[in-house]
Each structure stands twice: as C-alpha cells, then as structure tokens.
Amino acid sequence: MSDQVRTRFAPSPTGYLHIGGARTALFNYLLARRLGGTFIIRVEDTDQTRNIAGAEDKLLDDMRWLGLDWDEGPRVGGDFGPYHQSQRLQRYQAAARQLLDAGRAYYAFDTREELDELRTAAEKAGGSFYYPRPDRFPSEADAERARAEGRPVVLRFLYPDEDITVRDEILGDVTVPRSEVDDFVILKADGFPTYHFAVVVDDEDMRITHVLRGQEHLINTPKHIALQRALGYRTPAFAHLPVILAAGGSKMSKREKDKTVRDAVRDAVAAGTLDEARVLELSGVADAEQLKRWRKKKIQLDADGLERLAAALQLDLPEIDIHDFRRSGYLPEVILNYIALLGWSPADGRERMTLAEMAGQFDLSRVGKTNARFDRDKLLSFNTDTVNADPERALAGLKDYLAVNPASPLQGVDEATLRTLLEINAGYRTYRDIEHKCAALFVEDEALAWDDKAVEKVLRKGDKAGVTQLAAVRPALADLADWSPEGLETALKQYAEQNGVGFGKVAQPLRVALTGSMISPPIFHTLSLLGKETCLRRVDAVVARET
RNA sequence: GCCCCCAUCGUCUAGAGGCCUAGGACACUGGCUUUUCAUGCCAGCGACAGGGGUUCGAAUCCCCUUGGGGGUGCCA
C-alpha cells in the first residue's frame with residue numbers, strides 16, 4: 001500500500017531525552033500505531049560541534065524504557081536507512097547538486113564576521129536580517145577559488161518569490177509571507193547539510209507521510225515546503241504540537257536545575273552549612289572566577305556538578321529529562337499517560353490509559369493548539385495510583401529505580417524485604433518517597449539523620465516526657481521474644497493500655513529514637529525490620545544522650 | 001523591532017451557535033479514617049482575558065486591544 005502511514009521522531013544526540021521530545025515521540029508513535037503505520041527514529045547528528053558522545057545510547061535507552069518501540073531506525077535497521085544523517089552525506093550532496101544544476105541554489109562565501117556585521121546592521125535599522133541575493137551567482141570556478149583562499153563555501157537555496165501556506169493538521173492554514181524567509185544555507189562549509197535540508201531529503205527518502213513536531217518549527221516549514229517543491233518531492237502532512245512549558249510559564253529547560261541549585265547554594269552558604277571551598281570542589285568548574293560567573297548566571301554548571309551539589313545539599317533537582325523522572329521514581333507508563341494529556345484529550349474523556357489504549361483512539365483532530373504547563377502534582381497523582389494498584393508492577397519498578405540509583409540506601413536489600421517495603425508503604429507516591437521514609441532502616445546508627453524539630457517536640461518537650469517514656473517501655477521490649485510486627489503490636493498495645501498512656505505517646509518517641517524523624521513506616525514494621533538488637537541499641541543511645 | 005501561533009477554573013482540559021445556572025481531572029479548603037508521614041472517603045471553593053460587532057440566541061463566528069508563547073543561526 002503506497003499510502004502506508006509513516007511517522008518519525010528525529011532527535012539530535014545532545015543529551016538525555018527531554019520531556020518535550022518524549023511527547024513529540026509519543027504522538028508520532030501513537031499516530032503510526034493508530035493508523036497501522038510505521039514509526040521511525042532518525043538521528044539528526046549534522047552538527048558536529050553539538051553531538052555528545054554517548055548521548056544517542058542514552059536517548060534510545062530512554063525511548064525503550066518508555067516503551068516507545070520503533071519499527072525502523074538505529075538498533076533495528078530498516079529498508080530506508082541509513083538512519084543517521086551523518087551517514088547520508090552523499091544523499092544531501094546529490095540533492096544539492098540537483099538544485100545547483102537547476103539554478104535553485106547558489107554558492108556563497110561570506111565569513112561569520114561578515115554575516116554578523118550584516119545582522120547587527122539590520123537589527124540597528126529595526127528589521128530582520130535578510131541575505132542579500134547576488135545579481136550573478138558564483139560559478140563553480142569561483143567556488144574553487146574561494147576554497148583555495150580559505151573562505152567558507154556554503155550553498156544557499158534560492159527561496160521562491162511567493163508567500164507559502166502551510167496546511168497544518170492542528171493549526172489550520174498558516175501563511176508565512178515571502179518577506180520573512182531569505183535564501184538560507186542548505187549545505188554548510190564543512191560539507192554537512194543544515195537541518196532544513198537534511199530533513200527534507202530524509203523525509204522524502206524515508207517516505208515520511210506525517211510530520212509531527214513542536215510548534216517552534218512552524219516558521220521553518222515554508223522552507224521545507226519550498227525545498228520539496230524545488231526538488232520535486234511530495235509534501236507530507238504537517239502537525240505542529242503545542243509547546244510544553246514549565247510551571248512558571250517558561251520553556252522547560254535545564255536552566256531550571258541550574259536555578260534550583262544556585263538558589264540552594266546561596267542559602268546554604270549564607271546559613272553557613274556549606275563553605276565556599278566545598279562549593280568550588282563540588283561544582284566542577286575550573287576556578288573561583290568561573291564560580292563567580294555561575295553565580296551571576298553567566299554560565300551553567302554541567303550535569304555532574306549539579307548532581308554533586310544537589311546531593312550535598314540533599315536537594316531534589318527538578319525533573320526535566322525522562323531520565324530525571326526515572327531516577328525520581330516514576331513509572332514510564334505514567335509519564336506517557338500524563339504527557340499524552342498535555343495537548344491531547346481522548347474522545348471518550350478518559351484520563352487514565354495504557355499506551356495501547358491511547359494508540360487505540362489517538363486522533364490529531366483532538367490535539368489542541370494551546371501551550372500546556374507541566375504540572376508535577378498531577379503527574380504525582382497518576383503515579384501514586386498506578387504504583388499502588390499492582391504489587392508486581394510496583395516491585396519491577398522499584399528494582400528499576402534501584403538500577404538507576406546506585407547510591408540509594410535501599411541498595412542490596414533482598415527481594416522479600418523490598419516486597420515488604422512496598423506493602424508497608426502503601427499510599428506512597430514515588431519510589432523516592434519510600435527511600436526517604438525507609439532510609440533509617442538501612443543505614444548505620446552513626447549515619448542517622450536527626451531532625452532537630454522532631455527531637456525537640458517528641459523527646460524533650462514537657463520535661464523530657466518522650467525520653468522518660470522510652471526508658472519506661474524499654475524493659476517491655478527487652479523481654480519480648482516475638483519480634484514480628486504482630487508480636488510487637490500485641491505487646492506495645494498491651495503496654496500502653498496497662499500503663500494508661502495513649503498509644504501515640506509510646507509510638508512517637510520510639511519512632512524518633514529509631515529513625516531520627518517523625519516520619520517512618522508504621523511503627524511495628526519499623527521495629528520489626530530494624531531487629532530487636534538495633535532497636536534496643538538505638539533506644540539506649542537516645543536515652544543516654546538525652547538524659 | 002518585525003513575523004507567526006495561541007487565549008475556558010491556580011493547572012491540564014471538555015465544549016465545534018441554543019443540550020452551559022460551563023462538565024471532568026489535579027491542586028487548594030473543610031470534614032472523616034489514622035500510631036507518624038502518606039493514602040483513602042465525603043463535601044466545598046473555583047473559569048469563558050477586555051471591548052466592539054454578527055445573530056432571535058455566542059464560551060463557541062468576525063474585528064480590535066491586552067496578555068502569553070515561538071521564530072528572526074553555516075542549532076535542531
């Protein structure tokens with residue numbers, strides 16, 4: 001069938017899969033699945049200065065983790081490859097030759113400096129830069145000469161003298177005036193194609209029928225249409241997706257992480273909990289001068305530096321990349337479900353859907369036009385429900401969480417205990433929550449984090465009532481043989497009753513003494529998991545210290 | 001500056017001229033459950049940006065204003 005639907009997701013290997021990229025990938029996936037078509041991944045690695053080693057693998061791993069399987073592309077191959085633009089250079093050169101021969105493209109030799117100058121001048125004059133098309137196009141010999149002289153040689157497209165209308169499946173007809181587009185570069189000086197050119201050639205070669213991408217590409221689309229016409233290609237259907245914005249209304253970007261850390265560092269240094277030298281060491285920047293620049297928002301820290309600082313400050317970084325959400329303890333199907341709703345609403349009005357259910361009813365006509373803000377609370381809510389609904393799924397998810405969080409205190413905990421943890425934490429929101437809540441059960445006594453407010457309120461307040469209570473209940477615990485949650489419950493409730501104290505008066509001091517905080521799993525499980533010996537040791541230590 | 005896109009509760013959205021005294025979800029507030037934190041259950045609060053038209057009738061159509069977003073690269 002020649003009208004087989006073919007969609008593609010075309011990321012650049014510059015980092016992890018971004019949440020916005022994931023949404024674009026998802027919609028392309030859903031459209032292909034819904035229409036019984038083919039979903040393709042193509043790697044757009046034409047900017048040699050921006051490619052990051054290892055990024056492609058991470059990106060594809062994130063796609064796999066999400067469950068967005070592709071039918072053609074890297075790792076799986078296909079009949080329309082290669083699927084890396086860097087391996088398709090001959091194709092672009094051939095297409096460029098075709099345009100050159102047809103008089104639809106011409107050589108240009110301007111240097112960066114010359115172009116910058118023209119741009120600045122145009123800006124000063126209050127207008128947009130517009131490449132001045134020469135009266136006579138340089139010849140092949142001129143190009144040779146320029147090359148010999150060491151000038152950059154690029155190829156520019158002769159943009160047609162007409163307004164071009166994009167028929168967008170979501171936005172409707174959008175006309176971009178001819179005056180807004182100039183003779184843009186299609187082949188760079190290094191012989192690589194520009195994005196605009198590569199996209200057009202590849203989409204044709206790969207028989208792409210539907211191009212779904214972010215709205216930031218809308219203005220570029222006339223360039224692609226003009227190119228397609230000049231080359232005699234088909235023009236696929238276009239659909240420009242609304243942008244996903246951060247809660248504050250700006251674009252979701254790594255900058256948010258930077259800001260979070262910068263603010264926290266400032267506060268910590270002011271409070272004296274973190275010193276300058278340590279900041280410099282953790283940040284990973286070369287010297288104090290660079291650190292100063294970072295403080296002034298002139299530069300951004302790299303991911304590792306941000307991670308180290310966040311860890312030192314016990315700070316949770318805002319999630320931006322899919323990998324961030326994975327590390328924070330969200331389930332992939334939840335993320336997909338949530339981001340699908342950012343811009344799309346199913347006809348049946350349901351909100352909770354599996355990938356297959358979404359694919360069963362995805363429809364471009366139900367994709368909205370307005371930008372959507374990312375709401376972590378709603379994502380959290382979805383995750384809470386999903387993770388608490390299916391114990392087996394939750395266990396697998398927890399194992400995955402541990403696989404990407406090597407420093408987790410839960411590392412090395414056996415499966416039976418993990419199951420118990422899941423059970424006694426029923427109602428948890430993310431795996432990170434379980435980790436926070438249960439860390440005290442798996443760290444050494446010396447490593448316990450003491451919450452001053454908890455100690456004050458539960459142990460010291462009222463003439464050390466809590467400490468007194470601890471000392472009083474201690475013998476009962478020491479005498480107890482059955483250290484199971486049930487045995488503990490029987491014994492402790494009996495103790496409370498016999499001594500005429502509210503159960504909370506017994507449980508809370510124990511909680512703080514054993515975990516250093518007012519937040520923990522149910523008290524009987526906390527005791528049981530910790531083991532009798534550890535419990536008595538921690539109680540004794542607190543009683544000794546606070547008396 | 002110029003060009004393009006957008007505009008319903010705090011947020012995501014339903015709504016395609018009368019079905020809307022505008023529905024749902026999340027958040028928020030109050031109550032209940034509870035040994036902590038969560039979860040759960042119940043109830044409540046809460047929007048058609050403003051102004052002009054068109055029409056018997058407008059959240060829905062048109063125009064203007066305002067606001068938001070995007071673009072203006074040999075980045076994608």
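Numbers restart at 1 for each chain; the letters A, B, ... are given by sequence-line order, proteins then strands.
- The base of B/G1 sits with one of its N or O atoms less than 3.5 Å from a complementary donor or acceptor on the side chain of A/S128.
- Atoms CE (A/M353) and P (B/C12) sit 17 Å apart, rounded to a whole Å.
- Which of B/U39, B/C74, B/A76 sits closest to the side chain of A/S12 comes down to B/A76.
- A straight line from CD1 of A/I519 to P of B/U35 spans 17 Å, rounded to a whole angstrom.
- The side-chain hydrogen bond (donor to acceptor under 3.5 Å, both in side chains) test with A/H84 singles out one residue from A/R42, A/E56, A/E44, and that residue is A/E56.
- Ring geometry for A/Y107 versus A/F109: interplanar angle under 30°, hence parallel rather than tilted (30 to 60°).
- Using a 4.0 Å heavy-atom criterion, one finds that A/G214 contacts no nucleic acid atom at all.
- Here B/U36 is the nucleotide among B/U36, B/C4, B/C6 with the atom lying nearest to any side-chain atom of A/M518.
- Heavy-atom nearest nucleotides on RNA chain B were determined for A/D110 and for A/R511, and the one closer to the 5' end corresponds to A/R511.
- Comparing B/A76, B/A27, B/U13 by their closest approach to the side chain of A/S381 singles out B/A27.
- Phosphate proximity of B/A14 to A/S345: present, with a side-chain N or O under 4.0 Å from OP1 or OP2.
- Out of B/C12, B/A14, B/A76, the shortest distance to the side chain of A/R366 is found at B/A14.
- Within the nucleic acid shown, A/L115 comes within 4.0 Å of at least one base atom, counting heavy atoms only.
- Between A/F362 and A/W344, the ring-plane angle classifies as tilted under the 30° and 60° cut-offs.
- Residue A/K505 is classed as having no contact, given no heavy-atom separation below 4.0 Å to the nucleic acid.
- No contact: A/F192 has no heavy atom under 4.0 Å from any strand.
- Nearest to the side chain of A/R119, among B/C74, B/A14, B/C75, sits B/C74.
- Applying the 4.0 Å criterion to OP1 and OP2 of B/C74, one finds that A/R151 has every side-chain N and O outside that range.
- Nucleotides B/G67 and B/G50, compared at atom P, are 15 Å apart to the nearest Å.
- Taking side-chain N and O atoms only, A/R429 has a distance below 4.0 Å to OP1 or OP2 of B/U39.
- Separation of the A/Y92 and A/F192 ring centroids does not fall under the 6.0 Å cut-off.
- In this structure, of B/C4, B/U39, B/G73, it is B/U39 that holds the atom nearest to the side chain of A/T384.
- Using cut-offs of 30° and 60° for the angle between ring planes, the A/Y195 and A/H224 rings count as perpendicular.
- Residue order along RNA chain B, read from the 5' end via each residue's closest nucleotide, puts A/E351 first among A/E351 and A/D190.
- Between the CG atom of A/L510 and the P atom of B/U35 there is a distance of 15 Å, rounded to whole Å.
- Nucleic acid contact for A/P522: base, since at least one base atom lies under 4.0 Å from a heavy atom of the residue.
- In this structure, A/K378 atom NZ and B/C12 atom C1' are separated by 5 Å, rounded to whole Å.
- Following rounding to the nearest Å, A/E180 (CD) and B/G71 (P) show an atom-to-atom distance of 15 Å.
- Contact annotation: A/T46 reaches the phosphate of B/A76 (side-chain N/O to OP1 or OP2, under 4.0 Å).
- Contact annotation for A/D451: no contact, since no heavy-atom pair falls under 4.0 Å across all strands.
- Between A/K124 and the phosphate of B/G1, there is no side-chain N or O to OP1/OP2 separation shorter than 4.0 Å.
- In this structure, A/Y159 and A/F157 have perpendicular ring planes: the angle between them is above 60°, well past the 30° mark.
- Atom C1' of nucleotide B/U13 and atom CZ of A/F382 are separated by 11 Å, given to the nearest angstrom.
- Remark: C1' of B/C37 and NZ of A/K457 are 12 Å apart, rounded to the nearest angstrom.
- Using cut-offs of 30° and 60° for the angle between ring planes, the A/F184 and A/H196 rings count as perpendicular.
- B/C2 is paired with B/G71 under the criterion used here, namely a Watson-Crick or G-U wobble arrangement in which both key atom distances are under 3.5 Å.
- For the pair A/R112 and B/C74, the criterion of a side-chain N or O lying under 4.0 Å from OP1 or OP2 is not met.
- At B/A25, none of the side-chain N or O atoms of A/R352 fall inside 4.0 Å of OP1 or OP2 (strictly under the cut-off).
- One finds no side-chain N or O of A/K369 lying less than 4.0 angstrom from the OP1 or OP2 phosphate oxygen of B/U8.
- Here B/C4 presents its P atom at 18 Å from CZ of A/R167, a figure rounded to the nearest Å.
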